[in-house]
Amino acid sequence: MTRTAKLTIIPPGKPLSGRAMPPGSKSITNRALLLAGLAKGTSRLTGALKSDDTRYMAEALRAMGVAIDEPDDTSFVVTGTGRLLPPKAPLFLGNAGTATRFLTAAAALVDGTVIVDGDEHMRKRPIGPLVEAMRTLGIDVTAETGCPPVTVKGTGRFQADRIRIDGGLSSQYVSALLMMAAGGDRPVDIELVGEDIGALGYIDLTTAAMKAFGAKVEKTSPVTWRVEPTGYRAADFIVEPDASAATYLWAAEVLTGGAIDLGVPSDTFSQPDARAYDIIAKFPHLPAEIDGSQMQDAVPTLAVLAAFNENPVRFVGIANLRVKECDRIRALSTGLNRIVSGLAREEGDDLIVQSDPALVGRHLPAEIDSFADHRIAMSFALAGLKIDGITILDPDCVGKTFPAYWRTLAALGVTYQDKD
Ligand SMILES: O=C(O)C1=C[C@@H](OP(=O)(O)O)[C@@H](O)[C@H](O)C1
Ligand SMILES: C=C(OP(=O)(O)O)C(=O)O
C-alpha cells in the first residue's frame, strides 16, 4: 500500500462534537499478548488494539510457536503451550518499544537463541540497562551498540535471585523484567536504583496484568517487587481504551469548545496518561509548569495545546522524551517554531511553549515533520483544527498505535486536503 506523503488539515470552523472512541490500549494489549503467549491454554483478549505495535508483538509470538487467532477487529485468541520456542529468524519489531523491551527479557525463558531487532529508529533506542540487568541473573545476552539488535541465549533458568535496574531511561525495562521473572525457576526481587523512574504507573499496569494471568507479584518496598516463579495461567482479559489516544480527543474538545463523547469516563482509566485529563480541562489556563514525568506520552498533546494557552508553559521531567520514537523535545520545538518562529524553545531537557491565543484563525502554512512518530503527527493535527495551513508529513505513521486517527477526526467533522 502506498503511503500518503502529506495531509493538510482544514480547520473545521466549528466545535467538534459527537462520539469518538479511542482504540484499545497499546500498553495493555502488548502486556496481555505476551502473558497469554507465555501461559498454557487459551486466552481471549477483547477490546484490544490492532496496530503496528501490537501486530509486531503478535507476529513475534507466532514465530515462537504461539497460536493467535483474530476473530474480529478488537480480539485476539491466544493459545500457548507454557513455553516459547526459539524462532527460526530474528524477531523484527519495527519501532515498538514495548514489544522490543518485553520480548528481550522474555527471550531468557526460551531454550535457545533469540535475536530481537527493530527498524532504524529502534536501533537508536537504548536497551543497555535491561541487558546489564539480565546479565546479573547469569543470562547470556548481548547488544553490541547498547541498542537493538539484541542476542539472547536463554535457558529459562536464572543464577541469582535479585536484579537492580535503573529505569530512568525507560520504565519498560522494569516491566520487561517483572514479566520475565514469573517464568523463571526461583523467586526474584527486582529493585529500582538510580534516578526516579518516569511513569511508575506503567509498572502498576504490568503487575496488574501479571496478576490477571495468575502471577504472584508483591511490592516489598517502595522500590522493590518480589515475583514468584508461578508461570502464567490462561485468562479472558478485557483491554481498556488507550488513554494516550484519548488525550487527542480531550484536547480537540477543549480547543474547539466542542463536546466529544469518548464512551468512557476519564476517571476510569488505569493508564498513567489519563492524568492529563485534569490538565487539559484547565485550558486555556494550563499551569505555568507541567511535570510530564508521570504522563510522558501525553506531553506532545499538551505542548501543542499550550501554544493556544493564555500563558506560557514550561514542561519539566521530560528528559526521556529524547529517546522515544524520535527526540520528541526537538520534534515539538521544531514543529512549533515552524508554525511561528519563537513559539517554543528548549532549555536543557525542558520545553518552553510560548503560547499565543491569537494564533486561532490565522493562515500560517507550515509543513510539520512527523519524524516517523505517531504522537508528533497526532498532536500537530490539533494545531490544524485552529490554524489554517497545517500540513502533516507522513500522516500514516499514526498506524503505530491509532490507525483510525484520521478517520476518527473526520467522523467528528474534520476535513483534509491530500497532497502527494
Ligand atoms: O510500559 C509501557 O507500556 C510504556 C511505557 C512508556 O515508555 P518508557 O517506559 O520507555 O518511558 C511509554 O512512553 C510507552 O509508550 C509505553
Ligand atoms: C513511546 C511510545 O512507544 P514505545 O516506547 O512503546 O515504542 C509511545 O507510544 O509514545
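Indexing begins at 1, ligand by ligand and atom by atom, following the structure's order. In what follows, residues are counted from 1 in the order of the sequence shown. Basis for what follows: all heavy atoms, side chains included, without hydrogens, waters or symmetry-related copies.
Contact atoms of ligand 2 toward Arg125: 4 (P), 5 (O), 7 (O) (distance under 4.0 Å to a heavy atom of the residue). Set against the non-hydrogen atoms of Lys26, the atoms of ligand 1 under 4.0 Å away are 14 (C), 15 (O), 16 (C). Annotation for ligand 2: atoms under 4.0 Å from non-hydrogen atoms of Asn95 are 7 (O). Residue Ser171 has at least one heavy-atom neighbour below 4.0 Å for each of these atoms of ligand 1: 5 (C), 8 (P), 9 (O). Distances below 4.0 Å separate heavy atoms of Gly97 from the following atoms of ligand 2: 4 (P), 5 (O), 6 (O), 7 (O). Remark: ligand 1 atoms within the under-4.0 Å shell around heavy atoms of Asp297 are 12 (C), 13 (O), 14 (C), 15 (O). Close contacts of ligand 2 with Lys324, meaning ligand atoms under 4.0 Å from a residue heavy atom, involve 1 (C).
You'll find the ring centres of Phe237 and Phe213 inside the 6.0 Å limit.
With Lys324, Gln172, Glu325, Arg125 as candidates, the residue nearest to atom 11 (O) of ligand 1 on a non-hydrogen basis is Lys324.
Only the side chain of Asn320 comes within contact range of ligand 1, with a heavy atom under 4.0 Å; no backbone atom does. Counting heavy atoms under 4.0 Å from ligand 1, residue Gln296 touches it through the side chain alone.
Proximity of Gln296 to ligand 2 is not established, as no heavy-atom distance is less than 4.0 Å. Using a 4.0 Å heavy-atom cutoff, Met122 is absent from the residues neighbouring ligand 2.
Looking at Arg375 next to ligand 1, no N or O pair under 3.5 Å apart turns up. Ligand 2 has an N or O atom lying under 3.5 Å from an N or O atom of Arg328, backbone or side chain.
Here the straight-line distance linking atom CE of Met21 with atom OG1 of Thr74 works out to 9.0 Å at 0.5 Å rounding.
A donor-acceptor pair shorter than 3.5 Å can be found between the side chains of Thr206 and Arg31. Side chains of Glu240 and Ser270: a donor-acceptor N/O pair is present below 3.5 angstrom, by distance only.
Ring planes of Tyr248 and Phe402: tilted class, angle from 30 to 60°.
Residues Leu262 and Trp250 meet the side-chain proximity criterion, which asks for heavy atoms closer than 4.5 Å.
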